[in-house]
Protein chains: 2
Amino acid sequence: MSIDLLFQNIEKHIVLTDKEKSMLSDFLEEKTFRKRHYFVQEGQYANYSAFVTKGCMRSYYVDTNGFEHILQFAIEDWWIADMMSYTTGKEARLNIDALENTEALLISRENQLKLFEVCPKFEKYFRIITENGIVSIQNRLLENMSLLAPERYANFVKKYPILNQRLPQTQIAAFLGITPEFLSKIRNRG
Amino acid sequence: MSIDLLFQNIEKHIVLTDKEKSMLSDFLEEKTFRKRHYFVQEGQYANYSAFVTKGCMRSYYVDTNGFEHILQFAIEDWWIADMMSYTTGKEARLNIDALENTEALLISRENQLKLFEVCPKFEKYFRIITENGIVSIQNRLLENMSLLAPERYANFVKKYPILNQRLPQTQIAAFLGITPEFLSKIRNRG
DNA sequence: TAAAACCCTTAATCTAGATTAATGTTTTTT
DNA sequence: AAAAAACATTAATCTAGATTAAGGGTTTTA
């Protein structure tokens, strides 16, 4: 069962009783996304967060010149959401779509907050993964400010070897903040 | 009392009883930092988080060429920490120092986690401000990727007019990811 | 199975912002 | 009050990476 992947993820941080597992289960929705289909679109109220159990999604911002800037990839075992819209209830500024045919477990913000009330353990879990999220994005920001593109790419490969194999170059370039042409140059001894 | 500023900050998100306030108070330490003195240095175990009640601090990374890249400013009513070291217990890679004579309330990670056990309301508070932190730094990353320096500076001024007045240009430049020379040019009709 | 649609490569040219350097001002320390 | 340190300005030169463009490959869709 795909929900077991989520249970395992949660149990890296807290211990769950069977009752808590079934409670969580009741608050989730299973959904599949065909390649290139949207989970979130700019302008929507994105009050769902997704835990990917199969496939790959990405969140990205489209700038005023139409260029895409990728904030996050999410393969199996990763959460993805427009955190701004999800937590504040305002309109999303990000898009989230599937780069492969994808299966995910969705939780609404409403259900998440209910879960926190009923069982503070879940609040602890999300507090921890949110802390980890901050650390990881702070690190990325500092890398963007202090490293040249070839070094950033080397770190990407080291950190996410699977993504480097699995994703098209265009997507990796849009994540690193460079053009696909320049990434091509880097890859072929630039 | 300077701790009232923290109570007010917390009560934007949750309601506190007098008992909870005094409990929190017991877990905090008051400390002052003279201008240019360190709260955290690279290589230390930075197991304290600071809530600034007066003055200004900054967290920054020093790259291999000796350049400083500022991750965060914290004036009155802001928390600041090396989140990586604070949450994982590993050695800090950031420095945090005072840009002005500063007063702050410190909480150790140990006490914070105790507080969460004793009173889950505090876990909720920190979950919320951590969520807000993610949103804000995600936004900054996307701005860095999608905007030119003059636009980033304009947004900075709009978002933090006080910091723009209060901080030297060198510090603002190190936050925006540009040189002070180029910021000078931008400011004088660039 | 053809034709879109997407994806990758290479190379010439261009530009946002860095670097260097010189000069002046303001703030801090002695 | 002097000296030192930090801060700001301006301008010439330089460079990491963008842009443009053209050609070839591969995967999807009809």
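Quantities reported herein were computed from a predicted structural model and do not represent experimental measurements. Below, chain A is the first sequence line, B the second, and so on; all start at residue 1.
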For this session: Taking only heavy atoms on the protein side, list every residue of residues 165-179 of chain A lying under 4.0 Å from any atom of DNA chain D, sorted numerically.
Result: A:G177, A:I178, A:T179
Exercise. Earliest and latest nucleotide of DNA chain D, 5' to 3', sitting under 4.0 Å from a non-hydrogen atom of chain B?
Worked result: D:dA6 to D:dT10
Exercise. In terms of the nearest nucleotide of DNA chain C, which residue is placed more toward the 5' end: A:P180 or B:L148?
Worked result: A:P180
Problem set entry | Over 12 foreign heavy atoms within 6.0 Å of CZ, B:R93 | no
Exercise. Counting heavy atoms not belonging to A:E30, are there more than 12 under 6.0 Å from its CD?
Worked result: no
Problem set entry | Closest non-hydrogen atom pair, B:P120 against A:P120 | CB-CB, 4.2 Å
For this session: Tell me, with the steps shown, if A:W79 and A:F126 meet ring pair (Phe, Tyr, Trp, His ring centres under 6.0 Å).
Result: CA-CA 11 Å; A:W79 285 97; A:F126 280 101; 5.4 Å; yes
Exercise. Would you call the rings of A:Y125 and A:H13 parallel, tilted or perpendicular if under 30° counts as parallel and over 60° as perpendicular?
Worked result: tilted
Exercise. When the ring planes of B:F156 and B:Y153 are compared, do they come out parallel, tilted or perpendicular, using 30° and 60° as the limits?
Worked result: parallel
Expected rows: protein N/O vs nucleotides 22-29 of chain C N/O, under 3.5 Å:
unit_1, atom_1, unit_2, atom_2, d
C:dT28, OP1, B:K35, NZ, 3.3

Problem set entry | Ring-ring centroid check A:F175 A:F73, cutoff 6.0 Å | yes
For this session: Assert yes or no for the condition that the ring centre distance of A:F39 to A:F33 is strictly below 6.0 Å.
Result: yes
Problem set entry | Any donor-acceptor pair under 3.5 Å from A:E151 side chain to A:L148 backbone | yes
For this session: Say whether, by atom type as modelled, one donor and one acceptor occur between the side chain of B:N47 and the main chain of B:S108 under 3.5 angstrom.
Result: no
Problem set entry | Of B:F182 and A:A149, the one whose closest DNA chain D nucleotide lies more 5' | B:F182
